[in-house]
Each structure stands twice: as C-alpha cells, then as structure tokens.
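Single-structure report; data block below.
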Amino acid sequence: NAGVTQTPKFQVLKTGQSMTLQCAQDMNHNSMYWYRQDPGMGLRLIYYSASEGTTDKGEVPNGYNVSRLNKREFSLRLESAAPSQTSVYFCASSDLAGGPYEQYFGPGTRLTVT
Amino acid sequence: QKEVEQNSGPLSVPEGAIASLNCTYSDRGSQSFFWYRQYSGKSPELIMFIYSNGDKEDGRFTAQLNKASQYVSLLIRDSQPSDSATYLCAVGNYGGSQGNLIFGKGTKLSVKP
C-alpha cells in the first residue's frame with residue numbers, strides 16, 4: 001500500500017497562475033484533508049471532506065477550492081496564485097469509523113509563488 | 001477558539017537521556033490525543049495516540065494524559081540522535097467537526113551525541 005500520495009512534489013508558479021494539487025489514498029478512508037504548513041504557524045486546515053460528495057471549509061479556505069473526485073481522490077485548486085500561498089501543502093486521510101480518528105499524511109507539495 | 005499549546009523549543013537533551021515534551025489544550029470536550037513526529041522537510045508521522053487518562057507505553061515512547069488538567073505529554077526514553085525532530089501534539093473530538101484535529105505548532109527536539 002502506498003498510503004497517501006501527492007503530486008507534484010515541488011512547484012513554482014508566477015502570481016496569477018492556477019494549478020491543482022492532487023491527492024490520493026489507498027487505505028479506503030472516508031475522510032480527507034488539506035493543510036498548509038508555514039514556519040511558526042503550524043499546520044492549518046484549508047478544506048476537508050468528511051465523506052465522498054461532501055466538502056467543508058477549514059481555518060484558511062480563502063483563495064482555494066477543492067474537489068472530492070471519488071473516495072480515493074481529493075484535489076486542491078489555486079485559481080489565481082498569490083505570494084501569500086507560498087507554503088508546504090499536506091494532504092491527509094482518516095477513517096471515521098468509531099474513532100480515534102488518527103490522520104495519515106502524504107509527503108507534501110512544496111509550492112513557491114513568485 | 002480551540003487551541004493546542006506547545007513550547008516551541010528547541011529542547012536539547014544528551015543522548016541516552018529522557019526527553020519530555022508537553023502539550024496543553026483548551027477544549028474540555030477533547031477525546032483523542034495524538035503525537036506526530038516530523039523530520040525536517042518531511043511530512044508528519046503518527047507516533048502514538050491516547051484517549052484514556054494515564055500512561056500508554058510503546059517501546060521507548062510513553063504518552064501521558066491528564067484530562068482534568070488538560071495536559072498531554074510524551075516521554076522518550078534513551079533518546080537517540082535519530083529522535084531529533086519536531087514533535088506535534090494534536091487533539092480531536094469524536095463529536096466535533098467530522099473528526100478534525102487541532103494541531104499545536106510543535107516542539108523541536110535536539111538529541112546531542
């Protein structure tokens with residue numbers, strides 16, 4: 001099992017460009033999450049999907065959109081990238097069947113917006 | 001606002017010593033507690049979880065939970081240089097936002113040979 005996979009690993013964008021970060025999990029988990037991690041700020045939740053067909057905003061959703069394509073895949077889209085979106089992005093998944101709801105993380109995407 | 005607080009460190013301990021990492025949380029309804037290890041440039045990796053008051057041991061790691069004091073700790077016995085990493089505390093609530101976890105900002109641990 002690969003666990004949680006993310007593509008791409010690295011990306012450089014110019015301000016105003018768009019891109020989609022891809023995430024897939026093979027653990028049959030029903031919940032998936034997108035976080036960003038910045039120095040001194042810790043992990044902040046952008047969006048999450050409790051189950052296939054549902055998505056909800058997290059702590060810092062502005063400037064992002066998500067799609068839960070199926071149970072395995074959850075993508076994050078930046079429509080018009082800004083330098084403030086320079087960060088490391090992590091996708092995670094969790095099985096909500098009875099707790100304790102531990103989350104498993106992908107390897108991350110390091111994004112730079114110039 | 002639900003918060004999880006950790007001392008940012010760095011916490012420096014000599015090889016072979018016990019490293020003690022602490023975490024406090026604000027939501028009294030929290031029910032599940034996690035410790036993640038994150039090496040520089042890598043993703044968080046789950047080390048342990050605990051949801052009952054008391055101690056839980058796994059190899060060199062012991063998680064301690066005191067819900068009355070809203071306090072969680074992680075002890076690492078016989079610390080090794082390979083334990084040098086940032087340790088993230090995370091807290092969850094079964095009845096809360098679809099299993100969402102609140103993460104602390106992490107404590108950086110340095111184990112000196």
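Note on naming: letters A, B, ... go to the chains in the order of the sequence lines (proteins, then strands), and numbering restarts at 1 for each one.
Cluster annotation: L45(A) is connected to F34(B) through the hydrophobic network of ILVMFWY side chains, with a link wherever side-chain heavy atoms come within less than 4.5 Å. Side-chain heavy atoms closer than 4.5 Å link hydrophobic residues (I, L, V, M, F, W, Y) into clusters, and following such links, possibly through other members, connects Y64(A) to W34(A). Residues L65(B) and L21(B) share a single hydrophobic cluster, defined by chaining ILVMFWY side chains whose heavy atoms lie under 4.5 Å apart. Connection of M32(A) to I46(A) is established within a shared hydrophobic cluster, with ILVMFWY side chains joined at heavy-atom distances below 4.5 Å, either directly or through further cluster members.
The backbone N or O of G106(A) sits less than 3.5 Å from a side-chain atom of S43(B), completing a donor-acceptor pair. In this structure a side-chain-to-backbone donor-acceptor pair under 3.5 Å is missing from Y36(B) to Y104(A).
Around the NZ atom of K108(B), the shell of radius 6.0 Å holds no more than 12 heavy atoms that belong to other residues, nucleotides or ligands. In this structure, R110(A) places its CZ atom where only 12 or fewer heavy-atom neighbours from other residues, nucleotides or ligands lie under 6.0 Å away.
Neither the backbone nor the side chain of I102(B) comes within less than 4.5 Å of any heavy atom of chain A. Neither the backbone nor the side chain of Q6(B) comes within less than 4.5 Å of any heavy atom of chain A. When heavy atoms are compared at a cutoff of 4.5 Å, R44(A) does not approach chain B at all.
Taking both residues in full, the closest heavy atoms of Y35(A) and L101(B) are given as OH-O, 4.2 Å, listed atom of the first, atom of the second, then distance.
At least one side-chain heavy atom of F90(A) sits less than 4.5 Å from a side-chain heavy atom of Q38(B).
Rounded to the nearest 0.5 Å, atoms CG (L88(B)) and CZ (F105(A)) are 8.0 Å apart. Separation of atoms CZ (F33(B)) and CD (E102(A)) is listed at 14.5 Å; rounding is to 0.5 Å.
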- Derivation and outcome, side-chain contact (heavy atoms from CB on, under 4.5 Å), residues Y33(A) and N100(B): CA-CA 9 Å; Y33(A) 310 81; N100(B) 290 358; 3.3 Å; yes
